[in-house]
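Take a look at the structure below.
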There are 2 protein chains.
Amino acid sequence: MVRIVDVAAEAGVSPSTVSHVLSGKRPISEATRERVLEAVRRLNYVPNPAAQALRERSASAIGFYGSDISETFVARNIRGVERVARHAGYHLLFASGIEFDYDVGRALDFLHSRRLDGIILAFAFNETEPIPFPRGLDCPVVTINRAVPEGYHSVLPDNRRGGYEAGRHLLESGATRIGFIGGPPNRPASSERQLGLARALEEHGLALEERRVYLGDYSQGSGVIGLRRLLEADPGIDGVFCVNDFTAAGAINAATQLGRRVPEELKVLGYDDRDFAEFWPVPISTFSYPLEEMGQYSAELLLSLMRGDSLPELTHYIPSTLVRRRSTAS
Amino acid sequence: MVRIVDVAAEAGVSPSTVSHVLSGKRPISEATRERVLEAVRRLNYVPNPAAQALRERSASAIGFYGSDISETFVARNIRGVERVARHAGYHLLFASGIEFDYDVGRALDFLHSRRLDGIILAFAFNETEPIPFPRGLDCPVVTINRAVPEGYHSVLPDNRRGGYEAGRHLLESGATRIGFIGGPPNRPASSERQLGLARALEEHGLALEERRVYLGDYSQGSGVIGLRRLLEADPGIDGVFCVNDFTAAGAINAATQLGRRVPEELKVLGYDDRDFAEFWPVPISTFSYPLEEMGQYSAELLLSLMRGDSLPELTHYIPSTLVRRRSTAS
DNA sequence: TTGTATGCGTTATCAG
DNA sequence: CTGATAACGCATACAA
């Protein structure tokens, strides 16, 4: 492996000159500069990152913890993170929750043992549960899609607003007896969307009636069952907001089987903009997240923190965007 | 940050003793051993990885290049890789193709600059194109889902066999006039599945007739168009093998619109086992890949290579598994 | 504008 | 069984 001294010898200068040429941290005469750069090129010199890290007390690396990388949303976050990180000269060290039995504490210890300059934690939507959260970390941390008690900065989708816009959209498309098929009651993503929906209805002088709410488990199956239950409770329902596209797909399937035409007799609105939403037999109206942007934003946040900036707001809400398709056409 | 000398002081021994206790590379008396371990615990000592890397000439890190991490398949590969890598004490450095405009060479240079001990390249299925492949790397490399000219080891799905089994399955479920909706002609995944299908038909005394083949672009839309074309060319078609589930979904949509009942009048078989295949209005029979296992296997391969083993076969085929659902029920 | 010398924290060689 | 010491490759404080 070629070292800085080799380059120095080749260029006929001292190692420190080579170092300074490369870092630009002190003035160098154009002549020697050229010579050094030429030598670097000729020998194909790349600084040894371990030596740099040892010397600089910084690995130039950011840790990315993805609770479940095989979940598209987490995977898309990482793209945004990567773009910003690499641009700033940082590498990404990867750790997934699955390998640590979703024990964030252990995963963080692991990342931490690598002396990273910062850590980003990206969580899947609809995820299983509270975070058994870590002890004191001595590097900046930003979380995506999960607010964390201890006051770390987090980047979150604005679920409340999404739910509100869902309500507005269903009302605008002509529905008046509107139901909700959600996830388990303890999941913020679901309950906040429900709250948003309720507010939109209230503003319109309507209530989100108890009997028109079914809480399932985010699955397609709970869309099927949920829709049946809702129609039993109130056969006049003409619009359903589903907590995600899986549930919406199930609801549409069930509606079709029961002979209710979507969207003519029943509007169905999903969330997440999964790939299949676009080409479902009845294309599903839904909300899409700016997932890469969320990754990007969180990385920018982290870089600020790493620079020592102290940023005021700890929670950063990112809006989702309504995607209009046939399932809610009026 | 606590260093090895601190631990040594705390335990009343020399740094070298601490090092040896931790590495187990030379005999240590039980007494000092205990004392050292106790000190390590008390001070919460973690060796500085940069110093280790500098000294050991190895970063204990593996590079993972994912051509497109937001593609579920690549994402699931990484899980298998991670499991094996971490178990062997390696960390994962991440780089995605998108950030390098899919220029594998540049991405590899990047990873390489980190002096990694090995590199895994995972490619998406159905991907855009030939690999502009890298110059001489001085560390072991294994690719997933893409054979590479220069003789690197690669782990590939057995598409030929998948196509063959698709043909057998369609025949067994009663179809005799069987068509194929594929991807672009230059994609090995598609053409190999087609070849496998053709062979299964031939063994049965049937031919995969030209007019019963439509080559699209892997999308849902090409399933729609493809099925129409196929039915125009031969209204008697009673079975279609689609190159993936998107295409199969489109084919089912089109069939339904044309009044052909699936599976009663037409069997449709997909590939990939996408999430929606399971709950498509007509659940889609398909093939699932052992994606994590492929990741695992490639990591094991890489570790062997890193140990200096020289392994004979360069290409390792992994079979996919038929998943029987309603779309091909007899 | 350039060069010399030191230390980052670890491991391993050599001596005891 | 244990300890002192050198070296890994770099960046910088200091000297010129």
Side-chain angles (χ1 to χ4, degrees), chain A residues 1-40 43-61 89-91 112-117 138-139, chain B residues 1-40 43-61 89-91 112-117 138-139:
Chain A
M1 224 53 254
V2 34
R3 298 152 306 161
I4 199 168
V5 292
D6 304 323
V7 178
E10 176 85 6
V13 298
S14 78
S16 99
T17 300
V18 177
S19 175
H20 285 114
V21 166
L22 260 26
S23 72
K25 285 190 182 171
R26 81 181 185 191
I28 303 280
S29 80
E30 196 49 38
T32 55
R33 191 188 149 65
E34 283 298 305
R35 243 173 334 123
V36 168
L37 256 21
E38 177 52 31
V40 165
L43 300 182
N44 202 3
Y45 168 69
V46 181
N48 180 324
Q52 284 181 317
L54 182 58
R55 177 65 227 224
E56 310 272 84
R57 303 163 145 47
S58 144
S60 297
Y90 289 90
H91 293 245
H112 198 228
S113 75
R114 281 268 142 170
R115 319 265 166 123
L116 302 168
D117 304 298
D138 57 359
C139 73
Chain B
M1 226 51 257
V2 35
R3 297 153 307 160
I4 199 168
V5 293
D6 303 324
V7 178
E10 177 83 7
V13 297
S14 78
S16 100
T17 298
V18 176
S19 176
H20 285 115
V21 166
L22 259 26
S23 71
K25 284 190 184 171
R26 83 181 184 190
I28 302 279
S29 78
E30 195 49 40
T32 54
R33 191 188 149 65
E34 283 298 306
R35 235 166 347 115
V36 168
L37 257 21
E38 177 52 30
V40 165
L43 301 182
N44 202 4
Y45 168 68
V46 181
N48 181 326
Q52 285 180 318
L54 181 57
R55 179 64 222 215
E56 312 269 86
R57 300 163 149 52
S58 146
S60 297
Y90 289 90
H91 294 244
H112 198 227
S113 73
R114 281 267 144 169
R115 318 264 166 123
L116 301 168
D117 304 298
D138 57 358
C139 72

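Here is the naming used below: chain letters follow the sequence lines, and residue numbers restart at 1 for every chain.
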Nucleic acid contacts of residues 46-55 of chain A, taken as heavy-atom distances under 4.0 Å to DNA chain D: Pro47(A), Asn48(A), Ala51(A), Gln52(A), Arg55(A)
Interface with DNA chain D, restricted to residues 4-19 of chain A and to heavy atoms under 4.0 Å: Ile4(A), Ser16(A), Ser19(A)
Nucleotide range of DNA chain D lying under 4.0 Å from chain B heavy atoms: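 Extent of the interface on DNA chain D: dC1(D) to dG9(D).
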Got a list of side-chain donor-acceptor pairs under 3.5 Å for residues 50-59 of chain A, not counting sequence neighbours?
unit_1: Ser58(A); atom_1: OG; unit_2: Ser60(A); atom_2: N; d: 3.2
unit_1: Ser58(A); atom_1: OG; unit_2: Asp117(A); atom_2: OD1; d: 3.1
unit_1: Ser58(A); atom_1: OG; unit_2: Asp117(A); atom_2: OD2; d: 3.4

Interface with DNA chain C, restricted to residues 21-39 of chain B and to heavy atoms under 4.0 Å: Lys25(B), Arg26(B)
Audit row: Leu37(B), Leu22(B), side chain to side chain contact (heavy atoms under 4.5 Å, CB included) steps and yes/no: CA-CA 8 Å; Leu37(B) 257 21; Leu22(B) 259 26; 4.1 Å; yes
Rounded to 10 degrees, the angle between the two terminal axes of the helix from dT1(C)-dA16(D) to dG16(C)-dC1(D), each from five pairs: 40°
Counterpart residues, side chain to side chain contact (heavy atoms under 4.5 Å, CB included), relative to Ser16(A) (two or more places apart):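 If we apply the side chain to side chain contact (heavy atoms under 4.5 Å, CB included) test to Ser16(A), skipping adjacent residues, the hits are Ser14(A), His20(A), Arg26(A).
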For Val2(B), side chain to side chain contact (heavy atoms under 4.5 Å, CB included) partners two or more places apart: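 Once residues adjacent in sequence are excluded, the partners of Val2(B) under the side chain to side chain contact (heavy atoms under 4.5 Å, CB included) criterion are Asp6(B), Val7(B), Leu43(B), Tyr45(B).
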Heavy-atom contact window of chain B on DNA chain C, given 5' to 3' at under 4.0 Å: dG9(C) to dC14(C)
With Arg114(B) via side chain to side chain donor-acceptor pair (under 3.5 Å) - residues at least two apart: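 With sequence neighbours excluded, Arg114(B) shows a side chain to side chain donor-acceptor pair (under 3.5 Å) to His91(A), given in chain and number order.
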Expected output: side-chain Ser23(A) to main-chain Ser19(A) donor-acceptor under 3.5 Å: yes
Nearest-0.5 Å distance that lies between atom CD1 in Ile4(A) and atom CG in Asn48(A):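 So the gap between those two atoms works out to 11.0 Å.
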Val46(B) vs Arg115(A) side-chain heavy atoms within contact, under 4.5 Å: yes
Sequence neighbours excluded - salt bridge (charged side-chain N to carboxylate O under 4.0 Å, His left out) pairs with any residue from residues 7-18 of chain B: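 For residues 7-18 of chain B: Glu10(B)-Arg42(B).
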What donor-acceptor contacts under 3.5 angstrom involve side-chain atoms of residues 27-36 of chain A, with partners at least two apart or in another chain?
unit_1: Ser29(A); atom_1: OG; unit_2: Thr32(A); atom_2: N; d: 3.4
unit_1: Ser29(A); atom_1: OG; unit_2: Thr32(A); atom_2: OG1; d: 3.0
unit_1: Thr32(A); atom_1: OG1; unit_2: Ser29(A); atom_2: O; d: 3.1
unit_1: Arg35(A); atom_1: NH1; unit_2: Ala11(A); atom_2: O; d: 2.6

